[in-house]
Novice: 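Attaching a single structure in structure tokens format; questions to follow.
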Number of protein chains: 2
Amino acid sequence: MGTEERKEREKMEMRQLIVKTALKLFAENGIENVSIRAIAEKIEYSPGAIYSYFKDKGEIIHAIHTEGFEKLYALQRSLDGIKNPVDKLGQMGKLYINFALENKDYYDLMFIAKGIAEKINEKKEWDAGERSYNYLRDTVNDCIEQGYINDKNVDAVTFAIWGFVHGMAALIIRGRCAMMPDEFIQQTLSGSFNFFKTHLITNK
Amino acid sequence: MGTEERKEREKMEMRQLIVKTALKLFAENGIENVSIRAIAEKIEYSPGAIYSYFKDKGEIIHAIHTEGFEKLYALQRSLDGIKNPVDKLGQMGKLYINFALENKDYYDLMFIAKGIAEKINEKKEWDAGERSYNYLRDTVNDCIEQGYINDKNVDAVTFAIWGFVHGMAALIIRGRCAMMPDEFIQQTLSGSFNFFKTHLITNK
DNA sequence: TTAATAAATAAACATTGTTTAATAAATAAA
DNA sequence: TTTATTTATTAAACAATGTTTATTTATTAA
């Protein structure tokens with residue numbers, strides 16, 4: 001009898017419901033203003049019930065973080081068809097920044113938030129992130145091999161590019177550009193992009 | 001009689017003691033693991049006493065944040081003597097990263113931490129940050145005017161450079177490079193620097 | 001010496017994440 | 001179907017947090 005399987009399924013559904021609800025509340029009230037109690041109330045369970053599905057709050061956040069990486073990686077894979085690695089790199093940059101600014105909660109958990117880092121090490125589960133990182137790295141490597149980027153150190157170039165896009169995204173998301181008007185930020189952002197692209201790519 | 005002045009002085013000293021103690025505890029236990037109660041105990045006062053000197057915990061953190069900007073700006077000003085703006089820019093980059101990695105607590109509060117952003121807006125006191133930003137911007141401007149950087153958009157270039165160094169620092173500080181061995185990070189970091197420097201500066 | 005002011009404290013409050021012992025529900029065994 | 005057992009859920013409590021309030025203590029002014 002398949003009651004075992006059904007229960008397993010129900011457990012997964014409950015986990016998903018909790019994660020979904022948590023994410024919704026995060027978006028509404030900001031990540032740090034969402035309590036276990038609030039999540040419990042929203043799904044009409046007692047706070048304690050949540051602990052049958054997640055070891056602690058960090059695990060809920062970690063689940064969302066992993067979900068975010070799924071989304072990002074899926075976006076990256078949508079570039080599979082682009083043959084020219086420079087074009088691919090440019091598109092990936094835009095895609096990355098867009099993802100960051102349109103999914104601030106996800107992005108924050110994935111690349112900025114503090115508690116997460118411990119969970120990542122504890123679980124050795126930066127796998128999700130590594131997959132995305134390698135996708136970028138491979139593209140950079142193609143650029144180098146095909147003579148578009150004049151630098152042999154793949155990791156250094158990859159880290160530079162990652163740092164560049166992450167840095168801008170993080171400054172914006174964490175309110176360090178709040179003094180600038182929104183449209184100015186947008187303009188500057190695309191200006192910075194052009195600057196980077198123009199100078200780092202060797203025109204063959 | 002100077003009792004008014006003395007009291008004012010004592011109040012300042014107490015504020016400073018609280019800030020100094022908070023910073024020390026931050027360094028020892030991590031920013032998020034320091035409570036008002038812990039600070040109070042360390043200086044041998046009751047928790048409530050602290051509220052005679054700071055409106056709330058955020059104000060203590062904000063004071064440290066401002067102190068951090070004093071330190072960073074002082075470091076920047078040590079480059080005043082460098083005539084060539086490209087050299088100056090390079091030195092500033094190194095100096096910035098070093099500051100970030102050697103003063104992670106300060107840097108975190110200044111450029112990454114969340115609560116701070118609200119205080120900054122609330123107080124309109126990004127002045128401290130703006131001074132440092134303008135110092136960078138002026139140097140970038142010199143580079144452009146003297147033909148070392150081939151791009152007319154000062155703000156875009158400045159933001160790109162800031163994003164670049166901040167991005168790398170933030171990824172390291174927030175543990176997103178924890179899977180890489182330390183020496184690899186150091187190598188990659190300087191490699192990224194070279195990459196950036198080599199390609200963005202037009203050799204006259 | 002007394003009155004007014006300021007500083008510091010102890011105690012309490014509300015909120016957090018989390019644990020525990022008790023209850024209700026669902027399943028398996030008889 | 002009835003009973004026993006396992007599982008899911010809850011209510012209540014715990015410890016820690018930031019903060020407020022009424023009270024006491026210390027300091028200053030009269």
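No hydrogens, no waters, no symmetry mates; every other heavy atom, side chains included, goes into these values. By convention in this document, chain letters (A, B, ...) are assigned in the order of the sequence lines, proteins followed by strands, and residues within each chain are numbered from 1.
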Novice: Classify the ring geometry of B:His166 against A:His166: parallel below 30°, tilted from 30° to 60°, perpendicular beyond 60°.
Specialist: parallel
Novice: If every non-hydrogen atom of B:Gln76 is compared with every non-hydrogen atom of B:Tyr135, which pair is closest and at what distance?
Specialist: O-OH, 3.2 Å
Novice: Kindly write out the residues that satisfy salt bridge (charged side-chain N to carboxylate O under 4.0 Å, His left out) with B:Arg137, not counting sequence neighbours, or none if the list is empty.
Specialist: B:Asp155
Novice: How far apart are the C-alpha atoms of B:Asp108 and A:Lys114, what are their side-chain angles, what is the distance that settles it, and do they pass the side-chain contact (heavy atoms from CB on, under 4.5 Å) test?
Specialist: CA-CA 10 Å; B:Asp108 200 306; A:Lys114 206 150 200 178; 3.2 Å; yes
Novice: How many Å lie between NZ on B:Lys57 and P on D:dT20, as a whole number?
Specialist: 14 Å
Novice: When the distance from CD of B:Glu8 to C1' of D:dT28 is rounded to whole Å, what number comes out?
Specialist: 16 Å
Novice: Measure from the side-chain heavy atoms of B:Lys11 and tell me the nearest of C:dT18, D:dT19, C:dA7.
Specialist: C:dA7
Novice: I'd like to check the side-chain contact (heavy atoms from CB on, under 4.5 Å) partners of A:Ala27; sequence neighbours left out, ordered by chain and number.
Specialist: A:Asp105
Novice: Please state whether the rings of B:Phe111 and B:Tyr107 are parallel, tilted or perpendicular, taking 30° and 60° as the class boundaries.
Specialist: tilted
Novice: Which residues satisfy the ring pair (Phe, Tyr, Trp, His ring centres under 6.0 Å) test with A:Tyr133, sequence neighbours excluded?
Specialist: A:Trp162
Novice: To check you understand the geometry: which heavy-atom pair defines the closest contact between A:Leu89 and A:Cys143, and what is its length?
Specialist: CD2-SG, 4.0 Å
Novice: Would you say the side-chain atoms of A:Ser52 pair up with the backbone N or O of A:Ala49, donor to acceptor, closer than 3.5 Å?
Specialist: yes
Novice: For the pair A:Asn84 (side chain) and A:Asp87 (backbone), establish whether a donor and an acceptor sit closer than 3.5 Å, ignoring hydrogens and angles.
Specialist: yes
Novice: Is there a residue in residues 39-53 of chain B whose heavy atoms reach under 4.0 Å of DNA chain C, and which residues are they?
Specialist: B:Tyr45, B:Ser46, B:Gly48, B:Ala49, B:Tyr53
Novice: Using a strict heavy-atom distance below 4.0 Å, which residues from residues 27-37 of chain A are in contact with DNA chain C?
Specialist: A:Val34, A:Ser35, A:Ile36, A:Arg37
Novice: Please convert DNA chain C into dot-bracket. A pair counts if it is Watson-Crick or G-U wobble with both distances under 3.5 Å; crossing pairs go in [ ] and bases paired with another strand get |.
Specialist: ||||||.|||||||||||||||||||||||
Novice: Grab the CD-C1' distance between B:Glu59 and D:dT19 for me, whole Å please.
Specialist: 14 Å
Novice: To the nearest Å, give me how far apart CD (A:Glu10) and P (C:dA25) are.
Specialist: 16 Å
Novice: Can you confirm whether B:Ile172 sits close enough to A:Phe159 that some side-chain heavy atom of one is under 4.5 Å from a side-chain heavy atom of the other?
Specialist: yes
